[in-house]
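This structure is a prediction, so every number in the text was calculated from the model and none was measured.
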Amino acid sequence: GDKVKQSPSALSLQEGTNSALRCNFSIAATTVQWFLQNPRGSLINLFYLVPGTKENGRLKSAFDSKESYSTLHIRDAQLEDSGTYFCAAEGSNMGYKLTFGTGTSLLVDP
Amino acid sequence: EAAVTQSPRSKVAVTGGKVTLSCHQTNNHDYMYWYRQDTGHGLRLIHYSYVADSTEKGDIPDGYKASRPSQENFSLILELASLSQTAVYFCASSDALGRSSYEQYFGPGTRLTVL
């Protein structure tokens, strides 16, 4: 089965609204990274997390290693937030390798 | 600012031909990685390296070889390209501390089409 499960798989938001994306892990994740793949295909680093939370502007992310999940909250969504969001986990005893989820495709409408 | 570049940015290859994808980083990072992304999916790890002249198999290494001639350069080689290897390929680099890596920084990707 999938080691990193993302939900939802797709999401449509109106500009100015809030939402939350989630990743559940079936591996013992030690660190988590969140990326945005923009419409041009580039992968943009959003967060690198050890257990805990981080905030950057309208984005906030949390990683709970004991409960094996991570969340990404988007506040006041803007058109430029559209794209595909990926989480990726590094697992204990797996070396310096990331396992990616299958992504959440986000479309922000005016 | 992290800098990972890839060449070529796109390539069309014939089935059975040899393809070499190149990656260069100026981050002074020890670790480098090659991933592939298929349409509508996440990234999957093909090969990685933590030191020059050494490479390791990732999760899907079959049909691919890798070469790390220097800290800055990491190549992915398809000796006999097949239709199933049509994908977008991403290179990444990261530093490492103890048993946990720092964040990975990705190149812009190479779109490979095998006909």
Donor-acceptor under 3.5 Å (A:Asn45 side chain, B:Gln104 main chain):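 It does hold such a pair.
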Separation between [atom1] of [X] and [atom2] of [Y], rounded to the nearest 0.5 Å:
X	Y	atom1	atom2	answer
B:His41	A:Thr102	NE2	OG1	7.5 Å
B:Leu43	A:Leu43	CG	CG	6.0 Å
A:Phe100	B:Tyr35	CZ	OH	5.0 Å

Joint hydrophobic cluster, [X] plus [Y], side-chain heavy atoms closer than 4.5 Å:
X	Y	result
B:Phe74	B:Phe106	no
B:Val114	B:Ile60	yes
A:Leu98	B:Tyr48	yes
A:Leu106	A:Val4	yes
B:Tyr31	B:Tyr64	no

Side chains of A:Lys97 and B:Asp59 in contact at under 4.5 Å (non-hydrogen atoms):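 Yes. Closest side-chain heavy atoms under 4.5 Å.
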Heavy atoms from other residues, nucleotides or ligands near CZ of A:Arg22 exceed 12 (cutoff 6.0 Å):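 More than 12 heavy atoms, drawn from other residues, nucleotides or ligands, come within 6.0 Å of this atom.
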A:Gln6 versus chain B, the contacting section by heavy-atom distance below 4.5 Å: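 Neither part.
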B:Gln37, part contacting chain A, at a heavy-atom distance under 4.5 Å: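 Side chain only.
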